[in-house]
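Here is the structure we will look at.
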Amino acid sequence: MAAVCAAGPLGAEPQFRPVEMPVEHVYAGGWEHFVGGGVAVFDCSGDGLPELVAAGGQGPARLFLNRSAGGKVAFVEGDFPEETGVTGAWPIDIDSDGEVDLVLARVGENRLLRGTGDCRFEPANAAWGFDGRDRWSTAFAATWEAGEAWPTLAFGNYVDRDNPEGPFEACDVNHLYRPQNGGYGEGEALQPGFCALSMLISDWSRSGVADLRVSNDRHYYVSGGTEQMWRLGEVPNLLGEAEGFEPVSLWGMGIASRDITGDGRPEVMLTSMGDQVLMQQGESGWARAPYSLGVTAASPHTGEDGRPSTGWHPEWGDVDNDGRVDLFITKGNVDQMPGMAMEDPNNLLMQKEDGTFAEAAKVAGVATSERSRGAALADLDGDGRRDLVVVNRRAPMEVWQNVTPGTGHWIKIDPGQPESNLFAIGAWVELRQGERREAVERTVGGGHGGGTLMPLHFGLGQADGAEVRVIWPDGVASPWVPLSAGQTYRVQWPGKVWWVV
């Protein structure tokens with residue numbers, strides 16, 4: 001049995017070094033590309049290292065193939081369909097053929113791209129009966145509902161470009177596509193819509209029911225709108241206070257969900273213009289985390305610009321593998337909004353032993369102040385340390401290699417299922433080390449404009465292993481299994497057999 005012990009202090013400050021990319025990639029365009037600009041992170045080559053597809057806005061989306069080796073992160077540009085107008089990209093295996101597909105949100109028709117192997121993609125809207133419409137789409141989430149072989153797809157739409165009374169108070173409706181006859185149809189409207197910028201489907205309360213959370217931009221709905229939670233029953237139902245969801249209004253940009261307290265229930269990070277809001281879940285419901293926790297990040301942490309910050313993509317991840325989950329947030333003015341900070345560096349908030357967070361982006365070398373949008377914390381070279389990708393508006397995409405010395409141990413878990421939902425979207429991976437507990441759900445959506453489909457990563461601190469189990473989407477729980485640090489494990493439903501990959 002693998003030995004387990006509590007995570008402990010490691011000491012070294014996080015450090016990153018820039019990676020030279022083969023081509024300068026910029027998320028560009030006019031007002032319809034003020035928002036969006038995400039990146040999809042996934043392995044399409046089968047070598048265990050993630051590739052990148054970055055939205056380009058007015059310019060082309062680009063595929064970067066991973067060629068990391070010898071302790072150095074490296075990419076080359078790959079062949080990719082000519083796609084412009086892309087605001088976001090998400091990896092998902094829609095048809096459960098074992099090849100990762102892509103969902104592209106666009107200003108214009110949304111696209112489903114079928115992965116055909118060896119990092120090749122082909123248009124699939126017609127083959128799968130998907131009506132991509134002609135909208136300004138800025139958010140996406142997906143899940144497999146009970147008994148379905150294909151996923152349910154949710155698209156969030158921003159301002160209705162055809163509304164002559166717009167853009168203010170001209171928010172578009174959102175759309176839900178449920179599978180039918182081996183594909184999709186026209187979909188159904190989720191209304192009202194309040195200018196969605198992020199969506200995530202999750203079993204928020206660990207009750208076995210997954211709901212769709214939508215983060216909305218108050219800048220355009222102005223009044224009368226709120227954050228939203230939809231129950232995905234036969235007829236989607238908008239939840240309110242009577243159902244335990246307290247609608248709040250903010251300038252919502254992104255969503256990130258992770259259990260950071262060890263109680264098995266996820267906290268929810270909501271980015272916005274001004275305060276970044278962490279919602280904590282307790283026995284009596286949801287409540288905002290106190291300012292003293294250190295995650296509000298309301299104004300720039302460097303320079304002299306004291307105006308409020310604009311937060312975009314939030315992402316949880318243990319950067320130094322000390323067993324405590326950290327938080328990265330991209331920042332950047334929408335364009336030239338005078339009431340908001342212009343010099344607005346990204347945040348890297350490191351969790352301390354007492355559970356509070358401290359800013360470390362400057363010392364880590366990642367506190368650039370471009371107009372950042374989407375991002376990803378992902379192990380790009382397979383060394384167990386999370387590296388960083390940031391897509392910028394009107395400035396080159398940035399990639400950094402994590403070179404933090406003396407980091408802790410780690411473990412990665414890749415749950416899978418046979419026949420359909422091969423990546424086990426909706427599964428929870430639970431880890432325990434003595435008194436420590438942590439739970440991570442595999443989801444598709446959230447963030448801002450993109451997402452990651454890779455094995456789930458856990459920092460272990462000084463422990464050389466941990467016990468792990470999977471709660472599968474159908475509610476079946478695998479046995480607890482002792483596993484050694486420094487490995488990536490694959491496990492298939494029902495979870496009785498684990499192997500190293």
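In summary, Glu370 and Arg393 do not engage in a salt bridge, as defined by a charged side-chain N under 4.0 Å from a carboxylate O. Using a 4.0 Å cut-off between charged nitrogen and carboxylate oxygen, Arg111 and Glu83 count as a salt-bridge pair. Ion pairing of Arg386 with Asp318 is absent here, as no side-chain N (NZ or NE/NH1/NH2) approaches a carboxylate O to less than 4.0 Å. We find that Lys362 and Glu13 are not joined by a salt bridge, their nearest charged nitrogen and carboxylate oxygen being 4.0 Å or further apart. Ion pairing between a basic and an acidic side chain is recognised when a charged N comes within 4.0 Å of a carboxylate O; Asp97 and Arg114 show such pairing.
The nearest pair of heavy atoms linking Leu232 to Leu212 is CD2-CB, 4.4 Å. The nearest pair of heavy atoms linking Val334 to Arg373 is O-NH2, 2.8 Å.
The main-chain N or O of Leu422 is never found under 3.5 Å from a side-chain atom of Gln417 such that the two would form a donor-acceptor pair. Judged purely by atom type and a 3.5 angstrom limit, Ser215 has no side-chain atom pairing as donor or acceptor with the backbone of Met199. A donor-acceptor pair under 3.5 Å links the side-chain atoms of Tyr27 to the main chain of Val35, judged by distance alone. Put simply, the side chain of Gln433 gets close to the backbone of Leu460: a donor and an acceptor are under 3.5 Å apart. The backbone N or O of Arg120 lies less than 3.5 Å from no partner atom in the side chain of Asp118, so there is not a single donor-acceptor pair. Counting only distance, with no hydrogens or angles, the side chain of Asn321 and the backbone of Gly461 share no donor-acceptor pair below 3.5 Å. For the pair Arg206 (side chain) and Gly264 (backbone), a donor-acceptor distance under 3.5 Å is present. Judged by distance alone, with hydrogens and angles left aside, the side-chain atoms of Asn347 form no donor-acceptor pair with the main-chain N or O of Phe328 at under 3.5 Å. Formation of a donor-acceptor pair under 3.5 Å by the Asn174 side chain with backbone atoms of Asn157 is found in this model. Put simply, the side chain of Asn333 gets close to the backbone of Ala341: a donor and an acceptor are under 3.5 Å apart.
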Between Arg490 and Asp414, does a salt bridge (charged side-chain N to carboxylate O under 4.0 Å, His left out) hold up when you go through it step by step?
CA-CA 5 Å; Arg490 186 162 294 158; Asp414 189 17; 3.1 Å; yes
Test log, rule side-chain contact (heavy atoms from CB on, under 4.5 Å), inputs His219 and Met337:
CA-CA 11 Å; His219 184 68; Met337 296 187 71; 3.6 Å; yes
Would Glu467 and Arg436 count as a salt bridge (charged side-chain N to carboxylate O under 4.0 Å, His left out) here? Give the steps.
CA-CA 11 Å; Glu467 292 183 298; Arg436 180 196 168 205; over 6 Å; no
Run the numbers on Ser369 and Asp344 for side-chain hydrogen bond (donor to acceptor under 3.5 Å, both in side chains), then give the verdict.
CA-CA 5 Å; Ser369 54; Asp344 199 1; over 6 Å; no
Kindly determine whether Ser137 and Asn110 satisfy side-chain hydrogen bond (donor to acceptor under 3.5 Å, both in side chains), including the steps that lead there.
CA-CA 7 Å; Ser137 297; Asn110 294 323; 2.9 Å; yes
Hey, mind stepping through Glu430 and Arg437 against salt bridge (charged side-chain N to carboxylate O under 4.0 Å, His left out) and telling me if it holds?
CA-CA 7 Å; Glu430 297 183 334; Arg437 299 287 189 275; over 6 Å; no
Test salt bridge (charged side-chain N to carboxylate O under 4.0 Å, His left out) applied to Asp379 and Arg385, step by step
CA-CA 6 Å; Asp379 183 2; Arg385 291 178 291 190; over 6 Å; no
Let me see the working for Arg213 and Phe245 under side-chain contact (heavy atoms from CB on, under 4.5 Å), right down to the final yes or no.
CA-CA 10 Å; Arg213 183 169 192 134; Phe245 178 73; 3.8 Å; yes
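To the nearest 0.5 angstrom, Phe42 atom CZ is 8.5 Å from Leu52 atom CG. To the nearest 0.5 angstrom, Phe34 atom CZ is 15.0 Å from Thr87 atom OG1. The CD1 atom of Ile425 sits 9.0 Å away from atom CD of Glu441, with the distance rounded to the nearest 0.5 Å. For the atom pair CD1 (Ile92) and CH2 (Trp144), the distance works out to 4.0 Å, reported to the nearest 0.5 Å. Note that CG of Leu102 and CG of Leu112 are 10.0 Å apart. Values are rounded to the nearest 0.5 Å. Atom CG of Leu250 sits about 9.5 Å away from atom CG of Asp217, to the nearest 0.5 Å.
With hydrogens and angles left out, the side-chain atoms of Thr368 and Glu398 include a donor and acceptor closer than 3.5 Å. For Thr330 and Asn346, the side-chain atoms include no donor-acceptor pair closer than 3.5 Å. Side-chain contact, Asp275 with Thr296: no donor N or O sits under 3.5 Å from an acceptor N or O. Judged purely by distance below 3.5 Å, without hydrogens or angles, the side chains of Gln15 and Thr404 never pair a donor atom with an acceptor atom. Looking at Asn392 and Ser372, their side chains do bring a donor and an acceptor atom within 3.5 Å of each other. With no hydrogens or angles considered, no side-chain donor-acceptor pair links Glu227 and Asn216 at under 3.5 Å.
Cation-pi contact between Arg432 and Trp480: present, with separation from the ring centre below 6.0 Å and deviation from the ring axis of at most 45°. Stacking of Arg442 on the aromatic ring of Trp428 is not recorded, the 6.0 Å distance cut-off and the 45° axial limit not both being met.
Side-chain contact between Val41 and Pro91: absent, with no pair of heavy atoms (C-beta onward) separated by less than 4.5 Å. Two residues are said to be in side-chain contact when any heavy atoms from C-beta on lie closer than 4.5 Å; Val429 and Leu431 fail this criterion. Between Ile260 and Leu278 the shortest side-chain heavy-atom distance falls below 4.5 Å. When side chains are defined from C-beta on, Val399 does not count as touching Pro18, because their heavy atoms never get closer than 4.5 Å. You'll find the side chain of Cys195 reaches within 4.5 Å of the side chain of Tyr158, heavy atoms only. Ser478 has its side chain within reach of Trp498: a pair of non-hydrogen atoms, C-beta onward, lies under 4.5 Å apart. When side chains are defined from C-beta on, Asp381 counts as touching Asp387, because their heavy atoms get closer than 4.5 Å. A heavy-atom distance below 4.5 Å is not found between the side chains of Asp326 and Leu349.
The aromatic rings of Phe75 and Phe64 stand perpendicular to each other, their planes meeting at an angle above 60°, with 30° marking the opposite boundary. Taking the six-membered ring where tryptophan is involved, the planes of Trp204 and Trp286 are perpendicular, since the angle between them exceeds 60° and thus also 30°.
Aromatic pair His448/Trp312: centroids less than 6.0 angstrom apart.
Each of Arg324, Arg258, Arg265 was evaluated against Glu438; a single residue qualifies, Arg258, per the salt bridge (charged side-chain N to carboxylate O under 4.0 Å, His left out) test.
Taking a 6.0 Å sphere around CD of Glu77, one finds it holds more than 12 heavy atoms contributed by other residues, nucleotides or ligands. The number of heavy atoms from other shown groups lying within 6.0 Å of CH2 (Trp230) is above 12. With a 6.0 Å radius and a threshold of 12 heavy atoms from other residues, nucleotides or ligands, Gln58 has its CD atom at or below the threshold.
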